[in-house]
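Below, read A as the first sequence line, B as the second, and so on, with proteins coming before strands; counting in each chain starts at 1. Keep in mind that this is a model prediction, so the values were computed, not measured.
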Amino acid sequence: DAGVIQSPRHEVTEMGQEVTLRCKPISGHNSLFWYRQTMMRGLELLIYFNNNVPIDDSGMPEDRFSAKMPNASFSTLKIQPSEPRDSAVYFCASSPTGGRGLFFGSGTQLSVL
Amino acid sequence: DAKTTQPPSMDCAEGRAANLPCNHSTISGNEYVYWYRQIHSQGPQYIIHGLKNNETNEMASLIITEDRKSSTLILPHATLRDTAVYYCIVRVVGVGNQFYFGTGTSLTVIP
């Protein structure tokens, strides 16, 4: 299995632009998580899906952030409009049913200028 | 929110055992202890998890105290590639129960 696949690996954009991050979970995993990591705040859980349904989005910082999971093999995290303080590494992770834990992608390094 | 306390940093000599402690004094009966590590710029990697019995796999051993208020991750023969940030997490297994990462322990393996 190729693992969790995220794209792009790096994204540089200007303030005010729309940014879309993409994630393909491991086949058969029914839970998907989006995390954000910064030096100041560490790893923060943004949103969590189970069977394509958002379960908990309390970590989404504000309305500029939105996430979708239209099917079991694809999810997006969108920021519109982007701001410099959104600069971070964004990780997607998936998990199978039960206690096996999370499997992370390689992350997207986002820089908003 | 993270329910664990870990030392911010530790050093270990290459080839020696690395013992990483974690306090989780408020753990409840149905919460598991998970360990992950994050090597610089990569996504966190699952290491091991357990409920109350000690666990061992190809990567590490997990020792949980009898009262379950603390645990220790043991890397039996640390190598330079084990230099990473190690996170201890407690979580109830099941839908809707998320993984909250604290600040972790930055382990440096010294040649």
Side-chain angles (χ1 to χ4, degrees), chain A residues 1-7 9-10 21 23-26 29-60 88-111, chain B residues 1-9 22 27-53 55 57-60 62 64 68 71 73 84-106:
Chain A
D1 198 315
V4 176
I5 300 173
Q6 290 187 246
S7 64
R9 286 298 309 274
H10 303 276
L21 311 181
C23 176
K24 176 179 170 56
I26 293 173
H29 285 194
N30 61 348
S31 297
L32 184 140
F33 303 75
W34 281 100
Y35 285 85
R36 176 174 68 177
Q37 186 170 36
T38 61
M39 288 292 292
M40 290 295 294
R41 301 175 67 90
L43 265 167
E44 300 175 276
L45 177 65
L46 300 178
I47 188 169
Y48 156 55
F49 293 85
N50 189 66
N51 292 327
N52 313 336
V53 176
I55 302 298
D56 184 356
D57 65 354
S58 59
M60 297 285 264
V89 180
Y90 290 80
F91 287 106
C92 175
S94 68
S95 175
T97 302
R100 287 285 309 282
L102 294 175
F103 295 79
F104 281 79
S106 299
T108 295
Q109 173 76 60
L110 174 65
S111 298
Chain B
D1 293 326
K3 301 179 182 178
T4 62
T5 304
Q6 299 176 253
S9 63
C22 180
I27 193 170
S28 59
N30 59 350
E31 287 184 310
Y32 284 70
V33 180
Y34 286 78
W35 282 85
Y36 284 77
R37 74 179 182 185
Q38 186 174 24
I39 297 170
H40 179 63
S41 79
Q42 298 180 19
Q45 175 191 24
Y46 167 84
I47 301 173
I48 198 168
H49 76 285
L51 182 62
K52 55 183 178 181
N53 297 323
E55 302 287 343
N57 62 21
E58 66 279 4
M59 292 182 67
L62 172 61
I64 303 174
R68 302 208 326 119
S71 61
L73 179 74
V85 177
Y86 288 77
Y87 296 97
C88 170
I89 302 162
V90 294
R91 172 186 180 257
V92 177
V93 173
V95 175
N97 297 306
Q98 298 87 336
F99 290 83
Y100 290 104
F101 289 77
T103 54
T105 295
S106 178

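Rounding to the nearest 0.5 angstrom, the gap separating the CZ atom in A:F104 from the CD atom in B:Q38 is 8.0 Å.
If you look at B:F99 and A:Y35, their ring centroids are not closer than 6.0 Å.
When heavy atoms are compared at a cutoff of 4.5 Å, A:E44 does not approach chain B at all. Contact of A:L43 with chain B is made through backbone and side chain together, with heavy-atom distances under 4.5 Å.
With sequence neighbours excluded, the residues forming a side chain to side chain donor-acceptor pair (under 3.5 Å) with B:S28 are B:N30, B:E31, listed by chain and number. Remark: B:R68 pairs with no residue by the salt bridge (charged side-chain N to carboxylate O under 4.0 Å, His left out) rule, at least two apart or across chains.
Contact count against chain B (heavy-atom pairs under 4.5 Å) is highest for A:Q37 among A:Q6, A:R41, A:Q37.
Between B:Y46 and A:L102, the closest side-chain pair of non-hydrogen atoms is not below 4.5 Å.
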